[in-house]
Enquirer: 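Structure below; questions to follow.
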Amino acid sequence: MYSVKLLNKISKAGLANLGEGFAIAEDAPDAIIVRSADMLNYEFNDNLLAIARAGAGYNNIPVDRCSEAGICVFNTPGANANAVRELAICSLFLASRRIVDAVNWCGTLAGDPDAAAKVEKGKSQFAGPEIAGKTLGILGLGKIGVLVANAAVDLGMNVLGYDPYLSVESAWGLARRVRKAASYEEIYKNCDYISIHVPLNPETKGMINAAAIGMMKDGVRIINLARGGLVANADLLPALESGKVARYVTDFPDAEVIGVPNVITLPHLGSSTPESEENCAAMAASEIAAYVREGTIRNSVNLPNFDAERAGLCRIAIINRNTPNMLGQITSSLAAAGINIEHMFNRAKKDYAYTVVDTSSAPSEGCVSALRAIDGVLRVRIID
């Protein structure tokens, strides 16, 4: 029986994808499923094999430390994509039509016998432009960015998208009328609306800064449902005050932007739908179950994907640093123990690699110890 620890409330319907042989437990888990809980200082137990983030972002997980501990980290890309797509389209209207201000103003007329007359007189202060015919720039064309781009096209917008790491799958999914920009700068200079859908990393942190805003059209409207750190608040605030940025919608508010005029703050609602929560939990549970049972890896952020039927009686799964002669040392250790290799997989993802060896017999404890003693081997697991 394998144990799984939940660090947040996780959909029970999604957890059903773990299948038999798994139990929810608090102590010494074999796997962890997490949403937003901060794991940066989390102390790993020795038998922890995997962490699955029920969502796309994983900056709350210490990925480098996990890699060194031989822990596979998963996320669930695309599981919440529709929920975020719907909120992004909603945000386009919120950024345009002053809907939030209008609703709040109407609330002040409660119980006023002259409310109907005041509504007709006061409605002009909440006028805003239509989005049809305007140009929307999409920063990042992953699963969410593609869905938002296609939906905006259907709403009559001109859409310009850019992603320096555009995948073949995403390219095929884009509507024909979505134009591909040559750079972020092309989007900054040509779009009335800009929607951000990139991960937060050292390369993208603060990408919407004074230089980027300076290239944008006057009155640009910016939507950020990705991560708060992508926008430099210190540069955004004066642009809002001057009118250079007409409206900013963010799903990651903090003390610097809450209450600022022309900022609409949402309390991280991007994936807050029952459908999205179930989808994310189901994908996370499936990833963990496949990895624990068969060593299969899908959607890992620190290790390469691996999905193959077992070719022998025993499977040896090894996580190691991506260093020269690693494969040679592994095969030599197996040969010295008289282990016949039926099938071998080895692939790297940046600094770390995953090696899977299917053998005709189970290795002895001495053989396993020899594998673990190889410099750079971080985890050896026997799956029989």
Side-chain angles (χ1 to χ4, degrees), residues 2-5 22 28-34 39-40 42-53 58 61-77 284-312 314-337 339 341-359 362-384:
Y2 295 102
S3 62
V4 178
K5 185 174 183 177
F22 288 87
D30 297 293
I32 291 173
I33 299 180
V34 60
M39 295 191 67
L40 296 181
Y42 191 92
E43 186 173 344
F44 304 133
N45 50 287
D46 291 339
N47 60 302
L48 182 62
L49 299 174
I51 299 172
R53 163 72 165 95
Y58 48 88
I61 300 172
V63 176
D64 290 343
R65 193 157 61 87
C66 288
S67 298
E68 281 297 309
I71 298 169
C72 187
V73 180
F74 298 95
N75 67 344
T76 58
S286 295
E287 291 165 348
I288 282 177
Y291 179 67
V292 170
R293 287 196 181 105
E294 292 294 331
T296 300
I297 296 181
R298 304 187 191 100
N299 301 316
S300 172
V301 303
N302 62 334
L303 294 172
N305 285 343
F306 166 75
D307 191 353
E309 292 186 6
R310 199 181 303 199
C314 181
R315 171 164 283 178
I316 306 172
I318 302 170
I319 297 173
N320 55 270
R321 296 193 189 97
N322 184 22
T323 55
N325 196 34
M326 181 61 68
L327 202 55
Q329 294 181 78
I330 291 172
T331 56
S332 294
S333 295
L334 293 173
I339 300 294
I341 297 173
E342 299 288 346
H343 180 266
M344 175 176 282
F345 166 90
N346 173 264
R347 186 170 297 166
K349 188 169 188 175
K350 296 184 179 179
D351 295 331
Y352 299 92
Y354 189 49
T355 304
V356 179
V357 185
D358 288 343
T359 63
S364 65
E365 291 185 9
C367 178
V368 173
S369 295
L371 290 171
R372 288 176 175 151
I374 297 172
D375 185 28
V377 167
L378 304 169
R379 170 90 65 172
V380 177
R381 189 159 63 100
I382 307 303
I383 306 172
D384 50 20

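Basis for what follows: all heavy atoms, side chains included, without hydrogens, waters or symmetry-related copies.
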Enquirer: Partners of Ala28 by side-chain contact (heavy atoms from CB on, under 4.5 Å), sequence neighbours excluded?
Expert: Asn45, Asn47
Enquirer: Determine yes or no for a side-chain-to-main-chain donor-acceptor pair under 3.5 angstrom, with Asp30 supplying the side chain and Ser3 the backbone.
Expert: yes
Enquirer: Identify the two heavy atoms, one from Ile316 and one from Pro363, that lie closest to each other, and give their separation to 0.1 Å.
Expert: CD1-CG, 3.9 Å
Enquirer: Run the numbers on Asn320 and Leu378 for side-chain contact (heavy atoms from CB on, under 4.5 Å), then give the verdict.
Expert: CA-CA 5 Å; Asn320 55 270; Leu378 304 169; 5.5 Å; no
Enquirer: For Ala362 versus Ile339, what's the shortest heavy-atom pair and its separation?
Expert: O-CD1, 4.0 Å
Enquirer: In terms of heavy-atom contacts, does CG of Asp46 have more than 12 from other residues, nucleotides or ligands at under 6.0 Å?
Expert: no
Enquirer: How many angstroms lie between SG in Cys66 and CD1 in Ile51, if you round to the nearest 0.5 Å?
Expert: 3.5 Å
Enquirer: Provide the closest heavy-atom pair for Asp358 versus Ala311 in the form atom of the first, atom of the second, distance.
Expert: OD2-N, 2.9 Å
Enquirer: Checking side-chain contact (heavy atoms from CB on, under 4.5 Å) for the pair Val377/Gln329: CA distance, chi angles, key distance, verdict?
Expert: CA-CA 10 Å; Val377 167; Gln329 294 181 78; over 6 Å; no
Enquirer: If you round to the nearest 0.5 Å, how far is CD of Glu43 from CZ of Arg65?
Expert: 8.5 Å
Enquirer: Does any N or O in the side chain of Asn75 come within less than 3.5 Å of the main-chain N or O of Arg53, such that one atom is a donor and the other an acceptor?
Expert: no
Enquirer: Taking only residues two or more places apart in sequence or in another chain, which ones pass ring pair (Phe, Tyr, Trp, His ring centres under 6.0 Å) with Tyr352?
Expert: none
Enquirer: Taking salt bridge (charged side-chain N to carboxylate O under 4.0 Å, His left out) as the cut-off, I'd like each qualifying pair that reaches into residues 299-311, sequence neighbours left out, listed once.
Expert: Glu294-Arg310, Arg298-Asp307
Enquirer: Looking only at heavy atoms, what is the nearest atom pair of Pro77 and Asn299, with distance?
Expert: CG-OD1, 3.6 Å
Enquirer: Under the side-chain contact (heavy atoms from CB on, under 4.5 Å) test, which residues partner Pro304, sequence neighbours left out?
Expert: Arg347, Lys349, Tyr354
Enquirer: Enumerate, atom names and distances included, each donor-acceptor pair closer than 3.5 Å involving a side-chain atom of residues 368-375, sequence neighbours excluded.
Expert:
{"from": "Ser369", "atom 1": "OG", "to": "Glu365", "atom 2": "O", "distance (Å)": "2.9"}
{"from": "Arg372", "atom 1": "NH2", "to": "Val380", "atom 2": "O", "distance (Å)": "3.2"}

Enquirer: Can you name the residues that form a side-chain hydrogen bond (donor to acceptor under 3.5 Å, both in side chains) with Arg321, not counting sequence neighbours?
Expert: Glu68
Enquirer: Test side-chain contact (heavy atoms from CB on, under 4.5 Å) on Ile71 and Arg379 and set out the steps.
Expert: CA-CA 8 Å; Ile71 298 169; Arg379 170 90 65 172; 3.8 Å; yes
Enquirer: Is there side-chain contact between Tyr42 and Ile61, with heavy atoms separated by less than 4.5 Å?
Expert: no
Enquirer: Check side-chain contact (heavy atoms from CB on, under 4.5 Å) between Asp64 and all other residues, then give those that pass, not counting sequence neighbours.
Expert: none
Enquirer: Working to the nearest 0.5 Å, report the span between CZ of Phe44 and CG of Leu49.
Expert: 12.5 Å
Enquirer: Residues in ring pair (Phe, Tyr, Trp, His ring centres under 6.0 Å) with Tyr58, at least two apart?
Expert: none
Enquirer: Roughly how far apart are Arg315 CZ and Thr359 OG1, rounded to 0.5 Å?
Expert: 10.5 Å
Enquirer: Tell me, please, which residues at least two apart from Leu327 pass side-chain contact (heavy atoms from CB on, under 4.5 Å).
Expert: Met344, Asn346, Thr355
Enquirer: Just jot down the ring pair (Phe, Tyr, Trp, His ring centres under 6.0 Å) partners of Phe345, sequence neighbours excluded, or say none.
Expert: Phe306
Enquirer: What pairs with Tyr2 under ring pair (Phe, Tyr, Trp, His ring centres under 6.0 Å), at least two apart in sequence or on another chain?
Expert: Phe22
Enquirer: Does the side-chain contact (heavy atoms from CB on, under 4.5 Å) test come out yes or no for Ile382 and Cys314, once each step is laid out?
Expert: CA-CA 7 Å; Ile382 307 303; Cys314 181; 3.5 Å; yes
Enquirer: Rounded to the nearest 0.5 Å, what separation is found between the CD1 atom of Ile341 and the OG1 atom of Thr331?
Expert: 6.0 Å
Enquirer: What's the shortest heavy-atom distance between Ile32 and Met39, and which atoms?
Expert: CD1-CE, 3.9 Å
Enquirer: For a quick test of reading the model, state the closest non-hydrogen atom pair linking Ala50 to Tyr291 and the distance between them.
Expert: CB-CD2, 3.9 Å
Enquirer: Give me each pair satisfying salt bridge (charged side-chain N to carboxylate O under 4.0 Å, His left out) with a member in residues 324-336, each pair once, sequence neighbours excluded.
Expert: none
